[in-house]
2 protein chains.
Amino acid sequence: MEAALELAATTRSLANLGLREVARHAGLNPNTFYRHFKDFDELGVAMLRDLGTELRAGLRERRMHPAARGFRLSDIGDPATGLDQAQELARESVGLVLDFVMEHREAYTVGIRELHGPSPVMRKAMQDLLEGIARDMTEDLLGVLKLPAITPEEMIEIARVIVRQMVFFSMDYLEQPERHAQIKRQAERFILLLFWGALAARAPELIVQSGLRFPEL
Amino acid sequence: MEAALELAATTRSLANLGLREVARHAGLNPNTFYRHFKDFDELGVAMLRDLGTELRAGLRERRMHPAARGFRLSDIGDPATGLDQAQELARESVGLVLDFVMEHREAYTVGIRELHGPSPVMRKAMQDLLEGIARDMTEDLLGVLKLPAITPEEMIEIARVIVRQMVFFSMDYLEQPERHAQIKRQAERFILLLFWGALAARAPELIVQSGLRFPEL
DNA sequence: CAAAGAGGTATACAATCGTCTACCGGCAAT
DNA sequence: ATTGCCGGTAGACGATTGTATACCTCTTTG
């Protein structure tokens, strides 16, 4: 699995790297592959399972780590501090995801490649992973962020588009190291825009009453 | 090029289909390939150029076609009708893109596969294509939609995230025909959310004054 | 009218591929 | 104490691959 990851990250996609090639790079006999996997799809799913759980666990752990969070759970209540929290949360989460991507660029690259790749099995597995991350995020947001008038259904939908958009932002981040700061800003602005939009859609007068302005990032 | 498109759409990605395979499927001698392209990258870029210009032209043409548009350019002015226009525009554009994707599912599938694929050349070409579409959209939006306090810089940034998000919505649309209506609604809601957010970020009082409510899609 | 080039073909070669059959050491369980 | 499985190896197979060289036939250009 390590050999496959290394090979796939540098050159090809998971689907089209050769059985013998992987075995050679792992220092094993080609036939040994069959002792563990029947397909290359099976290998891919196994890799994705490992890396996916690592990713979700990493995100959750860091999200739960209270030291990095500048506000307390008791601050919740009105939409003004809600939007303030949203900004803080966006800043934190964006940095967290992008850091993670940088630390696991091989796994990320290969994984995303399979998201739109030729194998339906891998595609489904990746979509499930993203959906799981979106659900984690929703749960977390609902627990911490109190924006009134935003239903759980709206929240999961917002989380989904955020996760998917972060796929692209992460790609930019990996490919253009010189634009790191700018990409972070763009991602934060995007997330904030969604929350402002969601609040404006349900209770625009709350925004006016609070006197809060959209932050210049 | 036709042979490559057909083969890539059904099974593999562009990068890993064989020279001989394509030649066979096209009814040509393997060596004939070299008369036209040096690389497979070169083939890919050529295909993307053709299909990309077709896509952009198709989108532009349909966007310019005034018959499908329920409002006139003279209706512009205040943010209330601006948001109304945004809704109409979102509905139209989403339907337009998703129709196009359905009609060109092979080309779309292959193209998106290259967006995150192993070839840097193809990746760059696809990113440029998406950027071009985003610029087209921005130009169009700025010309038709008069939402005050939204700068061109904000508009292009919004267009970019819309285009990227539509990549995912299009994938859903192709893969889940039974959810067509729902996916359309989600895409429209997403776009509207961004515009409401952008307006709320700059001029929340205008939303309150207009008395407009976020539409239940 | 000749030269050049563009598009296509035939043959050949070494390399790589996935997979099949057979063999082997170690460890665990009966 | 032996049976059986698990992980690994060896060798061989036919198929397919990318590419090189050489030859052919139109069309265009000088």
Worksheet entry | Spacing of B/Leu43 atom CG relative to D/dG18 atom P, expressed in whole Å | 12 Å
Practice prompt. Decide side-chain hydrogen bond (donor to acceptor under 3.5 Å, both in side chains) for A/Gln182 and A/Gln176; before the verdict, give the C-alpha distance in whole Å, the side-chain angles of both, and the deciding distance to 0.1 Å.
Written response: CA-CA 10 Å; A/Gln182 188 187 356; A/Gln176 309 167 18; over 6 Å; no
Fill in: Between P of C/dG18 and OH of A/Tyr34, the distance in whole Å
7 Å
Worksheet item: Does the D/dT19 base have a donor-acceptor partner in the side chain of B/Arg20 within less than 3.5 Å?
Response: yes
Worksheet item: Which comes earlier along DNA chain D counting from the 5' end, the contact point of B/Asn31 or that of A/Gly27, where each point is its nearest nucleotide?
Response: A/Gly27
Practice prompt. Round to the nearest Å and state the distance from A/Phe33 atom CZ to C/dC20 atom C1'.
Written response: 16 Å
Item to complete: Could you tell me the separation between the CG atom of A/Leu17 and the P atom of C/dC17, rounded to a whole number of Å?
Response: 10 Å
Worksheet item: Do the side-chain N or O atoms of B/His36 get closer than 4.0 angstrom to the phosphate oxygens (OP1, OP2) of C/dG8?
Response: yes
Worksheet item: To the nearest angstrom, how far is B/Leu19 atom CG from C/dT16 atom P?
Response: 18 Å
Worksheet item: Once you round it to whole Å, what is the distance between P of D/dA20 and NZ of B/Lys38?
Response: 13 Å
Worksheet item: Rounded to the Å, how far apart are B/Arg35 CZ and D/dC26 C1'?
Response: 13 Å
Discussion item. For A/Phe33 and A/Phe37, I'd like to know if the aromatic rings sit close, meaning centre-to-centre distance below 6.0 Å.
Written reply: yes
Worksheet entry | Member of B/Glu188, B/Arg189, B/Gln186, B/Arg185 meeting the side chain to side chain contact (heavy atoms under 4.5 Å, CB included) criterion with B/Val94 | B/Glu188
Fill in: Heavy-atom donor-acceptor pair, B/Glu42 side chain to B/Lys38 backbone, under 3.5 Å
yes
Item to complete: Let me know the distance between CZ of B/Phe40 and C1' of D/dG18, rounded to the nearest Å.
Response: 10 Å
Worksheet item: Between A/Arg24 and C/dC17, is there a side-chain N or O to OP1/OP2 distance below 4.0 Å?
Response: yes
